[in-house]
Amino acid sequence: MRTDVDAFLRRLAQELRPRTDESVETLLRHARSELPEPWRHEEITALAAEETAGHVVAFLDVLEHGVDVAEAASPPQSLELARSFARSGVPISTLLRAYRLGHVALLQLIQAEAPGHTDDPELINAAAIRLMTAGFAYVDQSSARVVAAYQEERDRRLQRRLLLANEASRRIGTTLDIERTARELAEVATDDFARVATVDLLVSALDDEATSPTSEPSQLRRVAQRSEPDDRSTTFPVPTGGTHSYSPESEPTRALATGAPVLHRVEASDADGGPAGGAVHSALLLPLVARGETLGLVQLFRTGSSAPFEEDDLLLGQEIAARAAVSIDNARRYAHERSTALTLQRSLLPRHTAEQSAAVTASRYLPSGSRAGVGGDWYDVIPLSGARVALVVGDVVGRGLRAAATMGRLRMAVRAFADIDLMPDELLTHLDDVVIRLQHEEGQEAGETSATCLYAVYDPVTRVCSMASAGHVLPAIATPPAGGGDAAGSRSVEFPEMPIGPPLGLGGLPFETVQFELAEGSLLALFTDGLIQSRTRDVDTARDMLRDILAQGSESPDDACDRLIAGLLPQRAADDIALLVARTRALDAEHVATLGLPSDPAAVAGARRFASDTLTAWGLDELSFTTELIVSELVTNAIRYGKSPIHLRMILESTLTCEVSDTSNTAPHLRRARTYDEGGRGLLLVAQLATRWGARHNREGKVIWAEQALLMDDLPSTVAT
């Protein structure tokens, strides 16, 4: 019986072999009707006919030649078809069902031939059993092979997806620069995923404008676009940096409106805003959405002979676009905050230093080039009474708007304290109290508020510089050579030996003022630590470089600033930098007159004569009447309320200053005299006659001063120049 069954099945196989193409068509029609999903994919459709024919031939070989099912080779197209199912994202269950349906249909075809060749029911039944046994063994063996091929391809694609996603995570968003991030996205996408990539960002998102929706298409800016490295034929209708819009009914417009990614089959003519010069057959439209806001659109194209995008590619592209969108949004927010903080910072710094004759100054402020953001560095030049000047440099700890705002508050506080002529250590003590109050006002949520500050006062009359530091780096002082020579490299540059007090905000710790005399023409370089701190060198090396730069000749402060910046800074500074360079001047004896006075009312007349004679010598006789009244009142006030010794000093610069000093610390104040009072009008009179007046305290007592404005024509030529 077995021999009869084998012979019968051999005859059936021989009868069916010439009609293999007809059998394949029958099997494919059955498969399409039962499983329509796989036939939507062109790659599967193209392989299905060859793969089905291969299986028909292989199974007929089993029947006709008695080939052992275990040794029957599956057609090579079956493995490629399984890989196509994996690439297309068709579930493996669908692949296995397709195999079962196909082989069952083939068995039915063979069985349908049996009645035409015999009327023996036992033979037909035995043949059917043998067919089922061989058929299911063949299906099991073939299924095992295609499942292995499917899983291998799936694992390879998943690994590729993971590698590309990791590569995107590593390469996209390396800086907080919007354009560079967009270029990185385009580069990653075209390395081994798409042939062409374009990145468009909404103009409203770039400019951070709250625009209301309109009927017009949204304006976009082409931030980046790129084709494969070996592609020389692709051209782009929109240039990089150009502004454009998509047509209202286009797929890109719909993708932007919905925020949903799209796998789009396109013709070259349909690629709105896309590349030209290649046969575009598929595109991924990937909206850039971050924190619920649509920022723009990425379009990825495949052209020519490359495989079309599939659903799996859409998932991968969506993941890459999501990562890039967050990086672009971070860069956008950083750029906006940095721009705001920098604008605030520059608005709070002095645009033009106030006119004063004690020193020639120049300054520079450079924001950091890192992603840390704008800091709280500042500088200031504050004219003081008695022809003196205050030089200030400070640094608020932290970055961003809060640091810039705190810097502005501290700068205003320094100016207020400087206006009452406090000694450097006293000023820093008061400034320390201000920082502590800020800490209490802002609370712990804002973080610790702290700052450093260097405050120096230079007196061109005595050439004495008084200085104190609150945690701030010490300045460099370049002394001109003896004899006034200006030979290059002849300057002596030193950092003063003085204690550095604690940073502002600690409270309860003292600051100390040191005083030293400066030769006329000395250079003082005050700076924040960003000038000398670097990852590539230590601070001592930077200080040596700074010393060498300042030692090179008698430069102007502007030249010194430029040379210091060029010589010490890398291309992208890691921290903000404030730099203030001052060249000291000195008032010679011809512009300063001093008189010692006894504590006796009779000395007032002598003080008036001294003032009159001094003005005559300076060619300012027309100011004698007013000046004598001011001197008379100031000297009288010192004799009546102060302590010996008493000195009168007159200073001629751009203004005429009269100062009376004594050793009393009692502060003078204006008061309103009653009708019959014999006194109480002195300082009120001084206030009416002088342009400015005030009092300052020092270690020896106090000084009351009054300034009178001078016209340029009134100044002697030695002062006017």
Side-chain angles (χ1 to χ4, degrees), residues 349-350 353-365 377-384 386-395 414 418 423-425 427-428 452-470 472-481 484 486 490-500 512-532 542-565 567-568 577-587:
L349 291 173
T353 56
E355 292 186 6
Q356 43 78 36
S357 57
V360 179
T361 62
S363 57
R364 300 288 187 274
Y365 171 75
D377 294 18
W378 90 90
Y379 62 87
D380 210 346
V381 178
I382 308 172
L384 301 176
R388 299 168 306 135
V389 65
L391 307 173
V392 191
V393 171
D395 185 359
V414 170
M423 291 287 291
D425 58 329
L427 183 142
L428 293 180
T452 65
C453 183
L454 181 76
Y455 185 80
V457 176
Y458 174 69
D459 187 342
V461 177
T462 62
R463 292 186 288 105
V464 170
C465 181
S466 304
M467 185 182 302
S469 170
H472 201 85
V473 291
L474 298 180
I477 301 175
T479 304
D486 290 335
S490 60
R491 286 180 172 272
S492 172
V493 182
E494 300 293 339
F495 295 90
E497 295 184 3
M498 59 176 288
I500 299 178
E512 184 174 340
T513 297
V514 298
Q515 294 183 327
F516 44 87
E517 188 174 312
L518 294 176
E520 183 178 5
S522 297
L523 284 179
L524 276 77
L526 289 72
F527 49 88
T528 53
D529 54 9
L531 185 67
I532 58 175
R543 283 161 60 99
D544 291 340
M545 294 172 62
L546 187 150
R547 182 184 286 109
D548 293 341
I549 293 172
L550 286 180
Q552 296 174 8
S554 59
E555 302 163 332
S556 70
D558 261 317
D559 292 337
C561 284
D562 291 339
R563 290 176 62 87
L564 288 171
I565 295 296
L568 291 173
I577 296 163
L579 172 63
L580 176 62
V581 176
R583 178 195 286 276
T584 64
R585 290 174 170 173
L587 285 177

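Counting begins at 1 with the first residue of the sequence. Model, not experiment: these values are computed from the prediction.
- The CG atom of Leu579 sits 13.0 Å away from the OH atom of Tyr365 when rounded to the nearest 0.5 Å.
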Going through the checks in order, is the side-chain contact (heavy atoms from CB on, under 4.5 Å) test met by Leu474 and Met498?
CA-CA 8 Å; Leu474 298 180; Met498 59 176 288; 3.6 Å; yes
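- Here the closest non-hydrogen pair linking Tyr458 and Ala358 is CE2-O, 3.4 Å.
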The test is side-chain contact (heavy atoms from CB on, under 4.5 Å); show your working for Leu568 and Ile577 and say whether it passes.
CA-CA 11 Å; Leu568 291 173; Ile577 296 163; over 6 Å; no
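- Across all their heavy atoms, Leu454 and Ala468 have their closest contact at CD1-O, 3.5 Å.
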Just do the side-chain contact (heavy atoms from CB on, under 4.5 Å) check on Leu524 and Leu518 with the steps written out, would you?
CA-CA 10 Å; Leu524 276 77; Leu518 294 176; 3.3 Å; yes
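- Few gaps surround CD on Glu517; more than 12 heavy atoms of other groups in view lie less than 6.0 Å from it.
- Under the rule for a side-chain contact (heavy atoms from CB on, under 4.5 Å), the partners of Ser357 that lie at least two apart in sequence or sit in another chain are Arg585, Glu653.
- Within the 4.5 Å cutoff, side-chain heavy atoms of Pro480 are placed close to those of Arg491.
- If you take OG on Ser492 and CG on Leu550, they are separated by 11.0 Å, rounding to the nearest 0.5 Å.
- The backbone N or O of Phe527 sits less than 3.5 Å from a side-chain atom of His472, completing a donor-acceptor pair.
- The CD1 atom of Ile549 sits 11.0 Å away from atom CG of Asp544, with the distance rounded to the nearest 0.5 Å.
- Separating the OG1 atom in Thr361 from the CG atom in Asp380 is a distance of 10.0 Å, to the nearest 0.5 Å.
- In this structure, the side chain of Thr513 engages the main chain of Asp425 through a donor-acceptor pair within 3.5 Å.
- Shown here for Ala582 and Leu391, the closest heavy-atom pair between the two residues is CB-CD1, 3.8 Å.
- Separation of atoms OH (Tyr455) and SG (Cys453) is listed at 9.0 Å; rounding is to 0.5 Å.
- In terms of heavy-atom proximity, Ser363 sits nearest to Cys561 at N-SG, 4.1 Å.
- Residues Ile477 and Pro496 form a side-chain contact, since some pair of their non-hydrogen atoms from C-beta on lies under 4.5 Å apart.
- Minimum interatomic distance between Ser466 and Pro424 (heavy atoms only, all atoms of both residues): O-CG, 3.7 Å.
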Would Ile500 and Val473 count as a side-chain contact (heavy atoms from CB on, under 4.5 Å) if you check the C-alpha gap in whole Å, the side-chain angles of each, and the deciding distance to 0.1 Å?
CA-CA 8 Å; Ile500 299 178; Val473 291; over 6 Å; no
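- Summarising the geometry of Ala387 relative to Leu587, their closest heavy-atom pair is CB-CD1, 4.0 Å, with the distance given to 0.1 Å.
- Put simply, the side chain of Arg547 gets close to the backbone of Val493: a donor and an acceptor are under 3.5 Å apart.
- Atom CZ of residue Arg364 and atom CG of residue Leu564 lie 10.0 Å apart, to the nearest 0.5 angstrom.
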Passes side-chain hydrogen bond (donor to acceptor under 3.5 Å, both in side chains), Asp377 versus Thr528? Steps please.
CA-CA 7 Å; Asp377 294 18; Thr528 53; 2.8 Å; yes
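- In this structure, Thr584 contributes its side chain and Ser522 its backbone to a donor-acceptor pair below 3.5 Å.
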